[in-house]
Q: 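Can you keep this structure in mind? I'll have questions shortly.
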Amino acid sequence: MVNENIRSAEENLLHIYNRFPVALDHGEGVYLYDSEGKQYLDFAAGIGVTGLGYHNKELDDALKAQIDRLCHISNLYYHENCGKAAKALAAASGMDRVFFTNSGAEAIEGALKTARKYAWEKRSGRYEMIAMNHSFHGRTVGAVSVTGHPEYREPFEPLFPGVHFADYNDLDSVKALVSEKTCAIILEPLQGEGGIHPAKQEFMEGIRKICTEQDILMICDEVQCGMGRTGTMFAWQDYGVRPDIMTMAKAIGNGIPVGAFAMTEQVAGHSLKPGDHGTTYGGNPLACMAVCKVLEIFEKENIVEHVKAVGPYLSARLDELTEKTDCILERRGKGLMQGLVLTKPFAEVNLRALEEGLLVLPAEGNVLRLLPPLIIEEKHVDEMIEKLEKILA
Ligand SMILES: *Cc1c(COP(=O)(O)O)cnc(C)c1O
């Protein structure tokens, strides 16, 4: 790990990532290996992307075959992978219409444009949005505009106008911001970057009710918490409320860059029309092959059921560790999306984790965030706990 070689190899990059001092080379299952062959147990999954882990033969073979056939044609032409991927995502999500993007932020942009267009089509005069404090929706200008961190927004202001921030899990703070100008309310059903905060049942239900009563669109950002991570295919499905628009990315392509926003028929019929939105790469045959195969493997290998089974084991082992470790204040999370609130600085803990061969992530509020591949088994949880015990000792 380390080192000066990485520094000199990086000299032409724009240095705006605080990279960890390790150069990874290849992966197998739930393990990654650095350029010197050292093994790391992966509880980061490329920030929640590689749900199926590394070197999944079925997925890799399908992608290789697709590369040999066709990677790109633009959206001027139809390719069957695109229709199949949309059908599979609609079936998995209960949404009706899907638009493919290249990333999570781009999915958010599409969702915001859809909400604005819906209001415009209805001549409702609505344009304002309500977003949540401590939310994270990506780094493009629209996404930053609804991200609840002043430090991400202020240097780029003035941003997209009419965005108000409420407190997550505080329905009264949302109600106080709703007006006849509100066109959408956007939230993550489980806040990830913001420190691993799951939404309360009454919060999700309350927002749904406000939206339904006032013809406001509810947008769920499932980019991180979606695709099985919390024990249901999409996190909102655990609450019995359906959003009007949802965004996805990260794990839907298992590492091939692909995102999507999806909506109900009702929204689709009154929003984006031909010419309103587009992308050159979005949903190309390679990206859509990734989505099709990932969803096929999810179904065949009962990935969501597996998360439902192994999730409580992870929570229980983390609770035990929290109980007996002075520098952990609290565990929060759901399924395989977990956070430990630390009293030691994360950066220091992370360096020790790298030494011990464990990959973890930070989140806001000095939280150690765990987003393992969804295929982890109890023995990997045990191995991680053993390493964390040493790291935090
Ligand atoms: C990562 C993330 C995004 C942005 O996705 P990118 O692919 O990095 O643009 C948006 N929303 C949430 C909840 C995320 O975790």
Side-chain angles (χ1 to χ4, degrees), residues 1-7 9-10 13 17-64 104 192-193 223-224 227-229 249-258 290 293-294 297-298 301 303 306-307 310-311 314 317-318 335-340 346-363 367-392:
M1 80 183 230
V2 199
N3 51 46
E4 283 317 303
N5 293 344
I6 301 178
R7 291 262 172 315
E10 280 197 320
L13 292 171
Y17 288 113
N18 294 314
R19 285 197 216 280
F20 301 154
V22 54
L24 295 171
D25 180 72
H26 63 283
E28 188 65 51
V30 301
Y31 294 98
L32 281 161
Y33 297 85
D34 70 14
S35 43
E36 283 150 26
K38 177 173 169 176
Q39 186 188 63
Y40 297 82
L41 175 62
D42 182 23
F43 268 65
I47 319 188
V49 169
T50 50
L52 298 176
Y54 305 94
H55 198 205
N56 180 297
K57 189 166 178 345
E58 185 178 348
L59 177 61
D60 289 1
D61 285 348
L63 293 173
K64 285 179 214 167
E193 305 292 321
V223 170
Q224 189 165 148
M227 280 306 276
R229 181 148 298 278
K250 294 200 164 98
I252 72 171
N254 208 65
I256 297 296
V258 53
K293 265 292 152 187
V294 166
I297 295 168
F298 260 65
E301 299 185 3
I303 298 291
H306 173 73
V307 172
V310 78
L314 174 62
R317 296 283 343 244
L318 289 172
L336 297 182
M337 186 164 181
Q338 298 284 341
L340 298 174
F346 172 80
E348 196 180 289
V349 171
N350 190 41
L351 287 178
R352 279 285 299 124
L354 292 174
E355 272 172 23
E356 290 296 330
L358 177 66
L359 302 184
V360 295
L361 294 164
V367 168
L368 182 152
R369 177 172 40 147
L370 300 168
L371 299 176
L374 306 179
I375 56 170
I376 57 156
E377 293 167 20
E378 291 188 358
K379 66 179 183 202
H380 302 120
V381 173
D382 294 339
E383 187 185 339
M384 180 276 291
I385 294 283
E386 209 173 293
K387 285 178 188 290
L388 258 192
E389 261 178 342
K390 252 196 252 172
I391 291 158
L392 296 174

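All values reported here derive from a predicted model rather than from experimental measurement. Each residue takes its place number in the sequence, starting with 1.
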Q: Are the side chains of F346 and L368 in touch, meaning some heavy atoms are under 4.5 Å apart?
A: yes
Q: Would the distance check show the side chain of R229 and the main-chain N or O of L336 forming a donor-acceptor pair, the cut-off being under 3.5 Å?
A: yes
Q: Are L24 and Y40 packed together at the side-chain level, in the sense that at least one heavy-atom pair is separated by less than 4.5 angstrom?
A: yes
Q: Return the CD to NZ distance between E355 and K387, rounded to the nearest 0.5 Å.
A: 11.5 Å
Q: What donor-acceptor contacts under 3.5 angstrom involve side-chain atoms of residues 47-54, with partners at least two apart or in another chain?
A:
from, atom 1, to, atom 2, distance (Å)
T50, OG1, A45, O, 3.3
T50, OG1, Y54, OH, 3.0
Y54, OH, D42, OD2, 2.6

Q: What distance do L340 atom CG and L370 atom CG have between them, rounded to the nearest 0.5 Å?
A: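 It comes to 5.5 Å.
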Q: List for me each residue that meets side-chain hydrogen bond (donor to acceptor under 3.5 Å, both in side chains) alongside E348, sequence neighbours excluded, and say none if there are none.
A: none
Q: With a cut-off of 6.0 Å (strictly less than), are more than 12 heavy atoms of other residues, nucleotides or ligands near CD of E28?
A: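 Buried by this count: over 12 neighbours within 6.0 Å.
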Q: K293: what forms a side-chain hydrogen bond (donor to acceptor under 3.5 Å, both in side chains) with it, not counting sequence neighbours?
A: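 side-chain hydrogen bond (donor to acceptor under 3.5 Å, both in side chains) list for K293, sorted by chain: E58, E296.
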Q: Salt-bridge test for D34 and K38: reply yes if a basic N is under 4.0 Å from a carboxylate O, no otherwise.
A: no
Q: Kindly write out the residues that satisfy ring-ring contact (aromatic ring centres under 6.0 Å, His included) with H306, not counting sequence neighbours, or none if the list is empty.
A: none
Q: Side chain to side chain contact (heavy atoms under 4.5 Å, CB included) between L358 and M384: does it pass, once the steps are laid out?
A: CA-CA 7 Å; L358 177 66; M384 180 276 291; 3.9 Å; yes
Q: With D25, which residues qualify under salt bridge (Lys or Arg N to Asp or Glu O under 4.0 Å), at least two apart?
A: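 Once residues adjacent in sequence are excluded, D25 has no partner under the salt bridge (Lys or Arg N to Asp or Glu O under 4.0 Å) criterion.
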Q: State which residues pass ring-ring contact (aromatic ring centres under 6.0 Å, His included) with H26; sequence neighbours excluded, sorted by chain then number.
A: Y33
